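Note that the structure is predicted; figures quoted are calculated from it, not measured. Along the sequence shown, residues are numbered consecutively beginning with 1.
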Amino acid sequence: MVQLTHSLLSQIIWTKSNRSFRIVLFTTFVGFCSFYAPQPLLPMFANVFGISSTLSAWLLTLPFICLAVGPILVGTVLQRASAQRVLAVSCLILSIALLGFVLSSQFYWLLFFRAIQSLMLPIIFTAAVTYCSKAGEPEKRQTRIALYITATIIGGFSGRLIGGFLGEAFGWQAPFVLFAVLALACAVLVWMLVEHVALDEKPLRAKQVLVLVRQADVRSGLAFVFATFFTFAGTLNVIPFRLVELEPDISASRIAMVYVGYSVGIFIPMLIRWVVERSGGELPTLFIGYVFLLIGLVGLFIPSANAMLIVFLVLSMGMFTIHATASGLLNNMHGDNASLINGAYISNYYSAAAVGSIFPVWIVTQFGWTVYVVMQLCIAVSALWHF
């Protein structure tokens, strides 16, 4: 089994004919790096620009909002476009916006250039996943999509790690200079070397999505994912401030190391089918992930910076198990509306992230850590109301 998987991956990634696919995967990686790089630096931004922690959290909330509406709105833009051209132009604009971000001396300029980056990210990710789906043999499509998902997880993990370490060593601007250069390199590589693939998918219509989500099973599944991912996204953003509260002199690199637990998401999609088969189906697997998430949330009560590393690992195991299972379950139930169900799922997923990235920070600021954790547990428990 291992040899067969290795052989298949080698055929998909390393053959000369799949050079375009490798470049698109690298572009995805760079996009997710730039997406999440500010997260471990949020306390640093608050300190440097003299702003509140709630305001600094908008550096993550903006891209989440764009990704929440992206699957519905971006489809119209990309309906007749070439994936190659869309990726190249979007990466070029992303690079310019990252350089503008670096040169900003006022926080409102920082937000302005972050907003431009946020508009580019759903375009880049939509074009990339569509390219991965279409560019190659149909029988290898599932493996290409799995590799795309792996690239997004590695990018999210690496962005946080690189952001924390480079930000501490050379200043907050350093990681964004690096990602600006990489985004420019992606634009050049995509324009010159990636083959054209037409994005002929029909754009999602908001009315169609609303009709679908009125169905009881879809509504229950989306509500469950919204509630659980809200708690996870909130924890991602408040952990840096909690660590500073526990250890006021903690470094940005130590904050970044807490996100190492996020890397478990690289492996869970590869193992989820095995877990589903041995647990008795998707619903028991969802419950397993849910239990891990609850254990992680309870672990947030531990007043130790070192313990946060283990706590976040448990949280990540729970959330990625839920994420990998719920999306497949909804697709299995509504395979004839795959584009609609995926669009609704992604919009719901990132809507939870958008709200969860800003509201919990405000709760911590106003009412303290204990109230925040109790609130997160209540929201997590509410995920079961529709089941």
- prompt: Is there side-chain contact between Leu297 and Leu315, with heavy atoms separated by less than 4.5 Å?
  reply: yes
task: Run the numbers on Phe367 and Trp362 for ring-ring contact (aromatic ring centres under 6.0 Å, His included), then give the verdict.
output: CA-CA 8 Å; Phe367 303 104; Trp362 180 80; 5.8 Å; yes
field: Cluster check Ile162, Val181: I/L/V/M/F/W/Y, side chain < 4.5 angstrom
entry: no
message: To the closest 0.5 Å, what do you measure between CG (Leu67) and CD1 (Ile123)?
response: 10.5 Å
field: pair Ile358-Thr54: side-chain heavy atoms closer than 4.5 Å
entry: yes
- request: Dump the intermediate steps for side-chain contact (heavy atoms from CB on, under 4.5 Å) on Ser90 and Ile93, then the final yes or no.
  value: CA-CA 5 Å; Ser90 300; Ile93 297 174; 5.9 Å; no
message: In the structure I gave you, are the side-chain heavy atoms of Phe64 and Ser118 within less than 4.5 Å of one another anywhere?
response: no
Criterion side-chain contact (heavy atoms from CB on, under 4.5 Å) on Phe320 and Phe267, from CA distance to verdict: CA-CA 9 Å; Phe320 281 118; Phe267 308 102; over 6 Å; no
task: Return the minimal non-hydrogen interatomic distance between Met317 and Ile268, and the atom names on each side.
output: O-CD1, 3.6 Å
message: Using a 3.5 Å distance criterion without hydrogens, assess whether the side chain of Ser34 forms a donor-acceptor pair with backbone atoms of Gly31.
response: yes
query: Considering residues, nucleotides and ligands other than Phe292, do more than 12 of their heavy atoms fall under 6.0 Å from its CZ?
result: no
Heavy atoms from other residues, nucleotides or ligands near CZ of Phe49 exceed 12 (cutoff 6.0 Å): yes
task: Check whether any side-chain heavy atom of Leu41 lies under 4.5 Å from a side-chain heavy atom of Gln39, and answer yes or no.
output: no
task: Name the orientation class of the two ring planes belonging to Phe229 and Phe232 (parallel below 30°, tilted from 30 to 60°, perpendicular beyond 60°).
output: tilted
- request: Answer yes or no: is there a side-chain heavy-atom contact under 4.5 Å between Tyr290 and Val381?
  value: yes
- line: Taken to the nearest 0.5 Å, the spacing of Thr152 OG1 from Leu147 CG works out to 11.0 Å
query: Rounded to the nearest 0.5 Å, what separation is found between the CG atom of Leu300 and the OG1 atom of Thr231?
result: 9.0 Å
- prompt: For the atom pair CG (Leu166) and CZ (Phe176), what is the distance rounded to the nearest 0.5 Å?
  reply: 10.0 Å
query: According to a 4.5 Å side-chain heavy-atom criterion applied to Ile, Leu, Val, Met, Phe, Trp and Tyr, with indirect links allowed, do Tyr108 and Ile51 form part of one hydrophobic cluster?
result: yes
Working for ring-ring contact (aromatic ring centres under 6.0 Å, His included), residues Phe157 and Phe32: CA-CA 9 Å; Phe157 164 65; Phe32 270 85; over 10 Å; no
query: To the nearest 0.5 Å, what is the distance between CG (Leu60) and CZ (Arg114)?
result: 6.0 Å
message: Could you see if Leu99 belongs to whatever hydrophobic cluster contains Leu121? Use Ile, Leu, Val, Met, Phe, Trp, Tyr and a side-chain cutoff under 4.5 Å.
response: no
field: ILVMFWY cluster, Ile295 and Met308 together (side-chain gap under 4.5 Å)
entry: yes
query: Are Val177 and Phe170 close enough, and set up right, to give a side-chain contact (heavy atoms from CB on, under 4.5 Å), and what steps lead you there?
result: CA-CA 11 Å; Val177 172; Phe170 304 105; over 6 Å; no
task: Return the minimal non-hydrogen interatomic distance between Ala354 and Ile65, and the atom names on each side.
output: CB-CG1, 3.7 Å
message: Can you confirm whether more than 12 heavy atoms, excluding those of Met257, are under 6.0 Å from its CE atom?
response: no
task: Return yes if a side-chain donor-acceptor contact under 3.5 Å exists between Ser357 and Tyr350, otherwise no.
output: no
message: Can you confirm whether Phe101 sits close enough to Leu59 that some side-chain heavy atom of one is under 4.5 Å from a side-chain heavy atom of the other?
response: yes
query: Any chain of hydrophobic side-chain contacts (each under 4.5 Å) joining Val258 to Leu246?
result: no
- request: Please say whether more than 12 non-hydrogen atoms of neighbouring residues, nucleotides or ligands are located less than 6.0 Å from CZ in Phe301.
  value: yes
task: For the residue pair Tyr36 and Tyr259, establish whether any side-chain heavy-atom pair is separated by less than 4.5 Å.
output: no
task: Go through the side-chain N and O atoms of Ser251 and Ser253 and say whether any donor and acceptor fall under 3.5 Å apart.
output: yes
- prompt: Is any side-chain heavy atom of Phe224 closer than 4.5 Å to a side-chain heavy atom of Ser220?
  reply: no
- prompt: Cys186 and Cys91: which non-hydrogen atoms are nearest, and at how many Å?
  reply: CB-SG, 4.0 Å
field: Working for side-chain contact (heavy atoms from CB on, under 4.5 Å), residues Ser52 and Val361
entry: CA-CA 10 Å; Ser52 67; Val361 179; over 6 Å; no
statement: Across all chains, not counting sequence neighbours, the side chain to side chain contact (heavy atoms under 4.5 Å, CB included) partners of Leu184 are Leu92, Ser95
- prompt: About how many Å separate CZ of Phe241 and CH2 of Trp369, when rounded to the nearest 0.5 Å?
  reply: 11.0 Å
